[in-house]
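Worksheet: one structure, shown below.
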Amino acid sequence: METGFAPSPERTLEDLLAHARALVGVELGELADGLGLPVPAGLVRTKGWSGQVIEQELGVSSSGARGPDFASLGVELKTVPVDARLVPLESTAVCQIDPVAIAAEAWEGSYAREKLARVLFIALEVPPGARSVGERRVAAVRLWSPDAEQERALRADFELFVRGFFRRGRAEEITGHLGAVLQVRPKGKNAADTRDGYDARGNPTRVGKHGFYLRPSFVAAILSGP
DNA sequence: ACTTGATCATTT
DNA sequence: AAATGATCAAGT
């Protein structure tokens, strides 16, 4: 795949957007070939692969580093699998939660808000009956920042979780049913994967790892925009 | 059919 | 171990 763009990192937001938009219509398999990356055979060991191909193509050097993918641009990159109507097939992970730190955070100043301040969504259409992640195709590109209404909704959910649960040592009582646009769901190696937190009496304990996720309906609205 | 809770893969 | 990237699959 030759997109005519120079290697990473992207120097300006315009460069990054132009590069991303040039990928619309391209299959991930082609993209991977152009990058010299192997395309996984079948559907095992593919989790995360789509995001990593897009990262490499767009020049995210250090995946795994904390903070925005394009630090100098303040842009977070997210890929999301969608159907032919651009409706997400999955929720979108935002970040992991530090139960101790978040108890002292306000929405303003929170890591979650920083992550969501400016997001480059790359929608990847999954063909029905696809036999490989290489068959996914870049379907849409959206640079998004929350508008006033979305910001209110995000903040309301964030405060529900922080004030109602984390700050009261009730993290383990959170379920995926809570939150209108933002969810808190498990985000660990497995159910036994824990980290430091507090119990309801304020004593140190271990709590299951959780992360913030955007509901598919919320991302659907973002993708349906311009 | 959809969501929630559980889990997988890679990198530092 | 802990962050990143996510998707799987059982339960509803």
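What's counted below: heavy atoms across the whole structure, side chains too, no hydrogens, waters or symmetry copies.
Sequence order on DNA chain C of the closest nucleotides to A:R195 and A:S91 puts A:R195 first from the 5' end. Both A:Q183 and A:Q52 sit near DNA chain B, but only A:Q183 has its closest nucleotide nearer the 5' end. Heavy-atom nearest nucleotides on DNA chain B were determined for A:A65 and for A:R185, and the one closer to the 5' end corresponds to A:R185.
Distance A:L89 CG to C:dA9 C1': 15 Å, rounded to the nearest Å.
Proximity of A:K115 to the phosphate of C:dG5: a side-chain N or O atom is located under 4.0 Å from OP1 or OP2. For the OP1/OP2 pair of C:dT4 and a distance below 4.0 Å, the side-chain nitrogens and oxygens of A:Y111 include at least one atom meeting the criterion. At the phosphate of C:dG5, neither OP1 nor OP2 sits under 4.0 Å from any side-chain N or O atom of A:R66. An OP1 or OP2 oxygen of C:dT7 is reached within less than 4.0 angstrom by no side-chain nitrogen or oxygen of A:R45.
Under the 4.5 Å side-chain heavy-atom criterion for grouping Ile, Leu, Val, Met, Phe, Trp and Tyr, A:I102 is connected to A:L154 within one hydrophobic cluster.
Contacts of A:R206 with the nucleic acid, taken as non-hydrogen atoms under 4.0 Å apart, are absent. No contact: A:D193 has no heavy atom under 4.0 Å from any strand. Heavy atoms of A:T175 sit under 4.0 angstrom from primed sugar atoms or phosphate atoms, though from no base atom. Among the protein residues, A:G51 comes within range of the sugar-phosphate backbone only, with heavy atoms under 4.0 Å from sugar or phosphate atoms but none that close to a base. Counting any heavy atom pair closer than 4.0 Å across all strands shown, A:P216 reaches no nucleic acid atom.
A donor-acceptor contact under 3.5 Å is not formed by the side chain of A:K187 with the base of B:dG5. For A:K47 and B:dT7, a side-chain-to-base donor-acceptor distance below 3.5 Å is present, hydrogens and geometry of angles not being considered.
Note on A:R137 versus A:E125: no salt bridge recorded, every NZ/NE/NH1/NH2 to OD/OE distance being 4.0 Å or above.
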